[in-house]
Asker: 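Before I ask anything, let me first share the structure, which is written out below as C-alpha cells.
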Amino acid sequence: MRLSGRNLKCVRGGREVFSGLDLSATSGEALAITGPNGAGKTSLLRVLAGLLVPAEGVVALEGGDAELSLPEQAHYLGHRDALKPALSVAENLSFWREFLGGETKDAGQCLAAVALDHAAHLPAAYLSAGQRRRLSIARLLSVRRLVWLLDEPTSALDAAGQALFVGLMRDHLAQGGLIVAATHLPLGIDARDLRMGGAA
Ligand SMILES: Nc1ncnc2c1ncn2[C@@H]1O[C@H](COP(=O)(O)OP(=O)(O)OP(=O)(O)O)[C@@H](O)[C@H]1O
C-alpha cells in the first residue's frame, strides 16, 4: 500500500500555504511532517484526509481497498480531541465504532491498551487532557484502518503515555499500516522527515 501526494498546492483564506509539494509513504513506514508554526502541517494532513480540497495536485492510495475511498481507509487524529463530553469514555468509543464502521476490535482491550479501562464509565468531560488524548488514540485501535494521519499525536501525553503510544505505532507499522504525523516533537519511532517551510 502506498499513499502519495503529487504537486500539492494549498490555499487558505486567499493565501498560498504551500505548493509543489510531493510526498509518499508505504506500508510499514512513518512520515514525520515537521516545520515551524503556520508552515501548513495541519493543512497538509487535512488535504490527505479529504477534509480540504487542494488547489492543485492529487492525493492517491495505491494497494488499498479499491471499493473504499482514502478517507474511508484512514484515521484522522486532529490536534483537538473529537469527544462528546456528556458521553462516558466507553460510549465515546462506541459512538466512533458505529460512526466509522468496518472491522472493530474489542472496546475493553482498546481502553486497556491506553490504560483507560478503569475510567470506562466516567463522562469524557471529567478526563484530563492526557486522558482525552488516550481516548482519541483508543479510537485508532478500535476500528482497523491502515492509514493513520496524526496531528501532534503525543501532545498532552505524559512520559508513560508517550512510551505506550510508541509501542502502538510500532505495532501498527508491523501490521502493514502507515503513519503520516505532523509533529514538533520526536515521534520516538523511525520516520522519514518531510520538512515544510514557511514562517509563523
Ligand atoms: N480556516 C482558515 N482560514 C484562513 N487561513 C487559515 C485557516 N486555517 C489555517 N489557516 C492558515 O494556514 C496557515 C497554515 O496553518 P496550519 O494550521 O496548517 O499550520 P501548521 O504548520 O499546522 O502550524 P502549527 O505548527 O502552529 O500547528 C497558517 O498561516 C494559518 O493561519
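As the structure is a prediction and not an experimental result, all values here were calculated from the model. As a basis for the values below, the full set of heavy atoms in this structure was taken, side chains included, without hydrogen atoms, waters or symmetry mates. We count ligands from 1, going down the list as the structure has it; atoms in each ligand are counted the same way.
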Asker: Could you list which atoms of ligand 1 come closer than 4.0 Å to a heavy atom of Arg15?
Answerer: 13 (C), 28 (C), 29 (O)

Asker: Among Leu150, Leu52, Asp151, which residue satisfies the side chain to side chain contact (heavy atoms under 4.5 Å, CB included) criterion with Leu45?
Answerer: Asp151

Asker: Check each heavy atom of Met196 against ligand 1 and say whether those closer than 4.0 Å belong to the side chain, the backbone, both or neither.
Answerer: neither

Asker: Is Gly35 near ligand 1, meaning one of its heavy atoms is under 4.0 Å from it?
Answerer: no

Asker: Counting only heavy atoms, which portion of Thr42 has something under 4.0 Å from ligand 1: side chain, backbone, both, or neither?
Answerer: both

Asker: Which bit of His79 gets closer than 4.0 Å to ligand 1, counting heavy atoms only: side chain, backbone, both or neither?
Answerer: neither

Asker: Please confirm whether Gly40 comes within less than 3.5 Å of ligand 1 when only nitrogen or oxygen atoms on both sides are compared.
Answerer: yes

Asker: Using the salt bridge (Lys or Arg N to Asp or Glu O under 4.0 Å) rule, take Asp65 and Arg145 through it: C-alpha gap first, then chi angles, then the decisive distance, then the call.
Answerer: CA-CA 11 Å; Asp65 186 332; Arg145 292 192 167 188; over 6 Å; no

Asker: Show the numbers, then the answer: is there a side chain to side chain contact (heavy atoms under 4.5 Å, CB included) between Leu77 and Arg133?
Answerer: CA-CA 10 Å; Leu77 184 69; Arg133 202 62 183 165; 3.8 Å; yes

Asker: With under 30° as parallel and over 60° as perpendicular, where do the rings of Trp148 and Phe165 fit, or are they tilted in between?
Answerer: parallel

Asker: Heavy-atom count check: over 12 atoms from other residues, nucleotides or ligands less than 6.0 Å from Arg80 CZ?
Answerer: no

Asker: Of all heavy-atom pairs between Ala82 and Ser136, which one has the smallest distance, and what is that distance?
Answerer: N-OG, 4.4 Å

Asker: Decide whether the shortest distance between a heavy atom of Cys10 and an atom of ligand 1 is less than 4.0 Å.
Answerer: no

Asker: Using heavy atoms and a threshold below 4.0 Å, how should the contact between Ala182 and ligand 1 be classified: side chain, backbone, both, or neither?
Answerer: neither

Asker: If you draw a 6.0 Å radius around NZ in Lys105, do more than 12 non-hydrogen atoms from other residues or ligands fall strictly inside?
Answerer: yes

Asker: When you measure from the heavy atoms of His184 to every atom of ligand 1, does any distance fall below 4.0 Å?
Answerer: yes

Asker: If you look at every heavy atom in Ala138 and Leu111, which pair is closest and at what distance?
Answerer: CB-CD2, 4.2 Å

Asker: Give the numbers and elements of all ligand 1 atoms closer than 4.0 Å to a heavy atom of Gly13.
Answerer: 4 (C)

Asker: For Ser43, take its heavy atoms, then give the atoms of ligand 1 lying under 4.0 Å from any of them.
Answerer: 14 (C), 15 (O), 16 (P), 18 (O)

